[in-house]
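Following: one structure in structure tokens, then a few remarks.
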Amino acid sequence: MGAPLSLTLPPVSGPHSVGATDVMVKLDKEGSFFRLFYPCSPSPGLQRPLWAPRKEYLVGLLNSLGFKSKVAHYVSSALFGYSRIPVAWNAPFVAGNDRKPLIIFSHGHRAFRTVYSTLCRELASYGYLVAAVEHRDGSACATYHLYSKPGNENLNEVWVPFRKVEPGMKEFYLRNYQLHQRTTECARAVRVLEDIDAGKLEASIMKSEFHLQALKGRIDFCRVAVMGHSFGGASALLSLVKDNVFRCAIALDAWMFPLEDTSYPKIQKPTLFINNEHFQTSSSIQKMRTLSLGCKESKILTILGSVHHSPTDFAFFTGYMVNAFIGSHGTIDPQICLDVTVTSALDFLHKHLDLPAYSPKLEKLSEEIRTYVVADVPQLHSSKL
């Protein structure tokens with residue numbers, strides 16, 4: 001029968017080894033918290049971090065999905081709790097004097113900062129710094145911030161629970177409020193990295209062996225993109241309006257519902273929509289097309305056979321309990337879906353960030369893989385959100 005559930009992330013395809021560290025700046029919810037993936041010096045002996053950094057994330061994830069029994073929590077901890085991410089934890093930043101392009105990544109509904117580690121690792125292996133923000137708006141399944149009591153230097157944790165729509169509450173107003181907080185957090189992550197690059201910020205308030213000074217003078221703020229999945233896709237779109245530092249956006253199966261109609265005419269920078277086959281509604285697609293009218297460089301792709309969680313690490317979980325906890329993976333091989341997503345994203349970023357280095361091209365993929373890619377949209381299905 002095999003293992004009930006296991007996570008095996010594929011090796012990266014880019015030329016760089018990949019490291020990762022967590023950065024938390026300032027106390028309370030007004031600070032910034034993100035997992036930073038980066039090209040690193042080869043460090044084969046360093047520890048690999050756990051996929052679920054704390055048990056609270058697994059409990060929060062199950063609670064948000066409606067699994068509230070103690071048995072479910074115990075089983076999830078046993079199944080998910082020991083999976084590790086193949087990155088070198090706190091490895092030295094890659095040597096050199098060049099500045100690296102930056103991607104701010106926004107997670108989806110019920111997710112957290114490590115759920116897209118496969119995708120973020122891939123992008124970092126091609127020389128990008130990728131800051132995967134953990135949002136504190138109540139859309140993460142769980143997250144936390146630190147605070148200290150007056151006169152006491154010890155730091156205490158405050159956990160921010162997942163926020164559901166209460167009876168009688170209009171969902172759009174909650175989600176739109178969260179969306180604007182998310183975009184603020186995306187921009188705030190850039191400000192933090194600007195301070196690090198300028199040498200103004202030398203340490204995270206979380207204990208870490210990674211030296212932030214290694215990033216001084218190494219981040220290219222003329223080449224910054226924003227990317228996200230689902231709720232994070234909408235966050236990426238609105239971020240183009242909120243902060244001019246972002247030159248382009250990549251929206252992975254974007255959840256368009258929280259985005260107010262008045263924002264569409266303001267989004268006039270290049271946007272790449274990479275949709276999965278079994279999620280979008282005709283209403284959402286029409287919104288994407290309306291938004292694309294603002295910039296001739298914007299385009300929509302659909303990956304056939306993929307489902308809404310295909311861009312996440314959940315696509316790489318295997319075992320006979322996958323359907324019970326995660327649902328169907330769709331009909332596409334997760335590796336093929338990853339190849340299409342990464343190649344499409346790198347091609348787009350190469351063009352719109354004016355990068356001199358070579359990046360893979362979609363047309364260079366095998367004919368078999370390209371049959372899964374449709375320009376624009378196939379037959380539509382109903383959104384599950």
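Given the structure is predicted, the values throughout are model-derived calculations rather than measurements.
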*asked:* Minimum heavy-atom separation for A95 and S41, please, with both atom names.
replied: N-OG, 4.0 Å
*Answer yes if the side chains of T143 and E134 hold a donor-acceptor pair under 3.5 Å, and no otherwise.*
yes
*Lys/Arg-Asp/Glu bridge criterion (N-O < 4.0 Å) met for D313, R121*: no
_Check whether N276 reaches the backbone of H278 with its side chain - one donor and one acceptor, N or O, closer than 3.5 Å._
no
*Quick one: does N176's side chain have a donor or acceptor within less than 3.5 Å of a partner on P258's backbone?*
yes
*Going by distance alone, is a donor N or O of one side chain under 3.5 Å from an acceptor N or O of the other, for T281 and S284?*
yes
*Hey, is the main chain of T302 close enough, under 3.5 Å, to the side chain of E277 for a donor-acceptor pair?*
no
*More than 12 heavy atoms of other residues, nucleotides or ligands under 6.0 Å from CG of N244: is that the case?*
no
*R163 CZ: over 12 foreign heavy atoms closer than 6.0 Å*: no
*asked:* Please determine whether a side-chain nitrogen of the Lys or Arg among E185 and R182 lies less than 4.0 Å from a carboxylate oxygen of the Asp or Glu.
replied: no
*Is the distance between the ring centroids of H229 and H309 under 6.0 Å?*
no
_Do W159 and R54 have side chains that approach each other closer than 4.5 Å (heavy atoms only, starting at C-beta)?_
yes
_Taking the ring centre of each residue, are W51 and F317 less than 6.0 Å apart?_
yes
*asked:* With a 6.0 Å cut-off (strictly less than), is the heavy-atom count around OH of Y173, excluding the residue itself, greater than 12?
replied: no
_When you compare the side chain of K200 with that of E194, does any pair of heavy atoms fall below 4.5 Å?_
no
*Kindly give the heavy-atom pair with the smallest separation between C120 and F105, and that separation in Å.*
SG-CG, 4.3 Å
*Return yes if a side-chain donor-acceptor contact under 3.5 Å exists between H180 and K242, otherwise no.*
yes
_Rounded distance [0.5 Å steps], CG in L179 versus OG in S139_ = 9.5 Å
*asked:* Under a 3.5 Å distance rule, please check whether D195 uses its side chain to pair with a backbone N or O of L201 as donor and acceptor.
replied: no
*Below 4.5 Å, heavy atoms only, C-beta onward: do R289 and L293 meet side chain to side chain?*
no
*Rounded distance (nearest 0.5 Å) linking atom CD of E122 with atom OH of Y128*: 12.5 Å
*Give a yes or no on whether the backbone of A203 and the side-chain of Q213 come within a donor-acceptor separation of less than 3.5 Å.*
no
*Going by distance alone, is a donor N or O of one side chain under 3.5 Å from an acceptor N or O of the other, for R175 and Q178?*
yes
_Test your reading of the model: is there a side-chain donor-acceptor pair from Y372 to the backbone of S306, 3.5 Å cut-off?_
no
_Testing the basics here: between I250 and A236, what is the closest heavy-atom pair and its distance to 0.1 Å?_
O-CB, 4.2 Å
*If we only count heavy atoms from C-beta on, is the S230 to D253 side-chain gap below 4.5 Å?*
no
*Given side chain to side chain contact (heavy atoms under 4.5 Å, CB included), test V115 with H107 step by step and report yes or no.*
CA-CA 8 Å; V115 168; H107 66 70; 5.9 Å; no
_In one Ile/Leu/Val/Met/Phe/Trp/Tyr side-chain cluster, 4.5 Å: L46, F37_ = no
*Would one find more than 12 heavy atoms of other residues, nucleotides or ligands at under 6.0 Å from atom OH of Y177?*
no
_Considering all heavy atoms, the nearest V18-C40 contact_ = C-SG, 3.5 Å
*Give a yes/no verdict on a cation-pi contact between R218 and Y38, requiring under 6.0 Å between NZ or CZ and the six-membered ring centre and an angle within 45° of the axis.*
no
*Following the transitive rule for hydrophobic clusters with a side-chain heavy-atom cut-off under 4.5 Å over Ile, Leu, Val, Met, Phe, Trp and Tyr, establish whether L9 and I336 coincide in one cluster.*
yes
_Assigning hydrophobic clusters by single linkage (Ile, Leu, Val, Met, Phe, Trp, Tyr; side-chain heavy-atom cutoff under 4.5 Å), is F316 placed with I303?_
yes
*Working to the nearest 0.5 Å, report the span between CD1 of I104 and OG1 of T183.*
13.0 Å
*Between V94, L215, V130, which is the residue that forms a side-chain contact (heavy atoms from CB on, under 4.5 Å) with K100?*
V94
*Given the rule in the side chain to side chain contact (heavy atoms under 4.5 Å, CB included) test, do R48 and I85 qualify, once you have shown the distances and angles that lead to the verdict?*
CA-CA 6 Å; R48 295 179 172 189; I85 305 169; 5.9 Å; no
*Is F246 close to L240 at the side-chain level, that is, under 4.5 Å between some pair of heavy atoms?*
yes
*Find out whether F210 and P92 are in side-chain contact, i.e. whether some heavy atom of one side chain is under 4.5 Å from a heavy atom of the other.*
no
*asked:* I'd like to know if the side chain of S106 reaches the main chain of G228, judged simply by a donor and an acceptor atom lying under 3.5 Å from each other, with no hydrogens or angles considered.
replied: no
*Linking I/L/V/M/F/W/Y whenever their side-chain heavy atoms sit closer than 4.5 Å, directly or via other members, would M206 and V158 fall into one cluster?*
no
*Identify whether F162 and L58 are in the same connected component of the hydrophobic contact network (ILVMFWY, side-chain heavy atoms under 4.5 Å).*
no
*Answer yes or no: is there a side-chain heavy-atom contact under 4.5 Å between T271 and S292?*
no
*asked:* For a quick test of reading the model, state the closest non-hydrogen atom pair linking H16 to G127 and the distance between them.
replied: CD2-N, 3.6 Å
_E209 CD: over 12 foreign heavy atoms closer than 6.0 Å_ = no
*Got a second to check how far R247's CZ is from H352's NE2, nearest 0.5 Å?*
10.0 Å
_Check whether S204 reaches the backbone of V23 with its side chain - one donor and one acceptor, N or O, closer than 3.5 Å._
no
_I'd like to know if the side chain of Y57 pairs up with that of R113 as donor and acceptor (distance under 3.5 Å, no hydrogens or angles considered)._
yes
*Step by step, work out the side chain to side chain contact (heavy atoms under 4.5 Å, CB included) result for L119 and V342.*
CA-CA 7 Å; L119 179 57; V342 170; 3.7 Å; yes
*asked:* Once rounded to the nearest 0.5 Å, what's the spacing between atom CG of L353 and atom CD1 of I103?
replied: 7.5 Å
*Return yes if some donor-acceptor pair links the side-chain N/O of H350 with the main-chain N/O of L355 below 3.5 Å, else return no.*
yes
*asked:* On a heavy-atom basis, which atom in P53 and which in T114 lie closest, and how many Å separate them?
replied: CG-CG2, 3.9 Å
*asked:* Below 30° counts as parallel, above 60° as perpendicular, anything between as tilted: where do the rings of Y144 and F33 land?
replied: perpendicular
*Cut-off 3.5 Å, side chains only: do T21 and N90 have a donor facing an acceptor?*
yes
*Ion pair K216/D197, N-O distance below 4.0 Å*: no
_Which label fits H109 and W255: parallel for a plane angle under 30°, tilted from 30 to 60°, or perpendicular past 60°?_
tilted
*Rounded to the nearest 0.5 Å, what's the gap from CG on L129 to CG on L123? Could you check?*
11.5 Å
*Cationic N near anionic O, under 4.0 Å, E30 to R188*: yes
*Hey, mind stepping through C248 and L349 against side chain to side chain contact (heavy atoms under 4.5 Å, CB included) and telling me if it holds?*
CA-CA 8 Å; C248 59; L349 293 170; 4.0 Å; yes
*Heavy-atom check, side chain of Y264 versus side chain of M256, under 4.5 Å*: yes
